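Model, not experiment: these values are computed from the prediction.
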Amino acid sequence: MAAAAAAGDRAQTHPDYAPPEKRSLTLRGHRSSVTLEPDFWMAFRGLAAARGLAINALAVEIDEARPPDVGLATAIRLYVLENVRSA
């Protein structure tokens with residue numbers, strides 16, 4: 001509980017360091033929870049929209065392309081980073 005309060009305090013004083021947010025995605029009919037920082041969620045949604053995809057559809061593409069030993073949240077972060085770097 002104290003850690004959550006500290007994270008909330010940090011987010012108020014340093015908005016760039018907002019705590020990660022857990023969201024549910026649906027991948028091929030199955031629900032999956034992914035935890036990302038708000039800036040990554042925003043960029044991920046923007047990349048999906050730019051391609052005319054729903055966020056779940058882009059998550060499926062990323063999920064299918066990731067190595068089995070890499071988590072989905074990590075794969076999404078790397079996808080966002082790669083696209084930001086190449087922009």
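Remark: I76 CD1 to L25 CG distance equals 6.0 Å, nearest 0.5 Å. Atom CG of L27 sits about 9.0 Å away from atom CD of E64, to the nearest 0.5 Å. Note: N83 CG to R51 CZ = 8.5 Å, rounded to the nearest 0.5 Å. Distance check, rounded to the nearest 0.5 Å: OH of Y79 to CG of L58 gives 4.5 Å. The distance from the CG atom of L36 to the OG1 atom of T74 is 9.0 Å, given to the nearest 0.5 Å.
Counting all heavy atoms, side chain and backbone alike, S24 lies closest to S33 at OG-OG, 4.0 Å. Shown here for A73 and T35, the closest heavy-atom pair between the two residues is CB-O, 3.7 Å. Here the shortest heavy-atom pairing between T26 and V60 reads O-CG2, 4.5 Å. Among all heavy-atom pairs drawn from E21 and W41, the shortest one is O-NE1, 3.0 Å. A18 approaches E37 most closely through the heavy-atom pair O-CG, 4.5 Å.
Side-chain contact between R23 and I55 is absent, with no heavy atoms from C-beta onward closer than 4.5 Å. Side-chain contact check for F44 versus V34: every heavy-atom pair is 4.5 Å or farther apart.
If you chain together hydrophobic residues whose side chains sit under 4.5 Å apart, L53 and L72 fall into the same group. No continuous path of ILVMFWY side-chain contacts below 4.5 Å connects V84 to L78, so the two sit in separate hydrophobic clusters.
For R28, the CZ atom counts as densely surrounded, since its 6.0 Å shell holds more than 12 non-hydrogen atoms of other residues, nucleotides or ligands.
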